[in-house]
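Heavy atoms only: backbone and side chains are in, while hydrogens, waters and symmetry mates are out. Here is the naming used below: chain letters follow the sequence lines, and residue numbers restart at 1 for every chain.
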There are 2 protein chains.
Amino acid sequence: MLSRKTKYGIKALTFLAQQDGNEPTQISHIATSENISQKFLESILLTLRKAGILGSKKGKGGGYYLLKEADNIKIAHVYRVLEGPIAMMPCVSLNFYEKCDDCPDEDACSVHNLMIQVRDSTLNILENTTLTDIISEQ
Amino acid sequence: MLSRKTKYGIKALTFLAQQDGNEPTQISHIATSENISQKFLESILLTLRKAGILGSKKGKGGGYYLLKEADNIKIAHVYRVLEGPIAMMPCVSLNFYEKCDDCPDEDACSVHNLMIQVRDSTLNILENTTLTDIISEQ
DNA sequence: TGCAAACTCTACTAATATACTAGGGTAATA
DNA sequence: TATTACCCTAGTATATTAGTAGAGTTTGCA
């Protein structure tokens, strides 16, 4: 299941991508427009900023803005920052690999190879979808 | 992330599918062979039995056995029984649909359509993979 | 026939982690 | 000085992953 965090994060990013120019947009504005708890959104946007996806400006006229063009922001990147691994098990994760403690041999694990397939098909979608793609599909 | 419950469940099913004939296999046998906590496995197999995937026999010589041929057991079914929805959000789930409380219009939701794509590609794999497929891939 | 062993089945309990909410105060900027 | 992002803390709820204890059922043997 996708956490609200990731869902809200993607929604906020598409909202920012649809703003005219690159003027900073206030958290409160995004929160009310997208029906998101403002405090929660605050921490999400902060995470996205630390990941280099968003920039911010304090004080009057401040807010958040995209650091890159919308068609250069891959959903796979956003997903990994907010949700974590795209793979369904650590032992099939490319970026967050961990060995299973119950599996002596990964190649002999019936679930392992299946989850590699699932990972690849999901990855194929998320790596090839940008913010721009998402907006145009609405 | 896939829960251990589902992972163990699939492992147990492949173990049963690899047994000769259809003699009942004891929980303890599966648990030690697959490095699974026996008590945990107990509740998992019970769930699979109630879902009509496994049969059981009590008393001496008892245990669990497959109710159908291995090539008639789809992973998608097992997944839904143990893990729940295959979709990453309730609003794109076929079998567990629920409306999002924050979305006034699903078609206008940037995440919605993306997650339909992810669901379909995952579903395509899980619906077309049976226990037999999993075993042959080891 | 009756007892004991070998099983599954059920119900509690609990530790741990994670998701989400809510509040306060601080720092930077116009 | 007002406005806004930033940061810290703590609480609540829920799911996961077990562990414990015992009840119920079947088989085989004396």
Quick one, A:Arg49 and A:Leu45 - any side-chain contact, counting heavy atoms below 4.5 Å? no
Expected list for residues 33-53 of chain B near DNA chain C, using heavy atoms below 4.0 Å, is B:Lys39, B:Glu42, B:Leu46, B:Arg49, B:Lys50
A correct 5'-to-3' footprint of nucleotides 24-30 of chain D, with B, S and - meaning base, sugar-phosphate only and no protein heavy atom under 4.0 Å, is -BBS---
Residues in side chain to side chain contact (heavy atoms under 4.5 Å, CB included) contact with A:Thr129, at least two apart in sequence or another chain: A:Ile75, A:Ile125, A:Asp133, A:Ile134, B:Leu114
Kindly say if A:Arg4 contacts the phosphate of C:dA19, meaning a side-chain N or O under 4.0 Å from OP1 or OP2. no
Using atom NZ of A:Lys5 as one end and atom P of D:dT14 as the other, report the distance to the nearest whole Å. 20 Å
With sequence neighbours left out, the residues meeting side chain to side chain contact (heavy atoms under 4.5 Å, CB included) with B:Thr6 are B:Leu2, B:Ser3, B:Ile10, B:Tyr79, B:Leu82, B:Glu83
Atom CE of A:Met1 and atom P of D:dT16 are separated, to the nearest Å, by 11 Å
Sorted by first residue and then second, give each side chain to side chain donor-acceptor pair (under 3.5 Å) pair with at least one member in residues 29-38 of chain B; sequence neighbours left out. none
List the residues meeting side chain to side chain contact (heavy atoms under 4.5 Å, CB included) with A:Ser93, not counting sequence neighbours, and say none if there are none. A:Pro85, A:Ala87, A:Phe96
Rounded interatomic separation in angstrom, taking CG from A:Leu82 and P from C:dT18: 16 Å
Keeping to residues at least two apart or across chains, list the salt bridge (charged side-chain N to carboxylate O under 4.0 Å, His left out) pairs with something in residues 53-82 of chain A. A:Lys74-A:Glu127, A:Arg80-A:Glu127
Under the salt bridge (charged side-chain N to carboxylate O under 4.0 Å, His left out) rule, what pairs show up with a residue in residues 37-47 of chain B, not counting sequence neighbours? B:Lys39-B:Glu42
Quick check on contacts: within residues 84-94 of chain B, what sits under 4.0 Å from DNA chain D by heavy-atom distance? none
Show me the pairs that pass salt bridge (charged side-chain N to carboxylate O under 4.0 Å, His left out) and involve residues 9-25 of chain B, at least two apart or across chains. A:Asp102-B:Lys11
Which residues pass the salt bridge (Lys or Arg N to Asp or Glu O under 4.0 Å) test with A:Asp120, sequence neighbours left out? none
With sugar-phosphate meaning primed atoms plus P, OP1 and OP2, does B:Tyr8 contact a base, only sugar-phosphate, or nothing at under 4.0 Å between heavy atoms? sugar-phosphate
Interatomic distance where CD belongs to B:Gln26 and P belongs to C:dT8 [whole Å]: 6 Å
Partners passing side-chain hydrogen bond (donor to acceptor under 3.5 Å, both in side chains) against A:Gln26 (at least two apart in sequence or in another chain): A:Ser28
Is there a side-chain contact between A:Leu16 and A:Leu54 (heavy atoms, below 4.5 Å)? yes
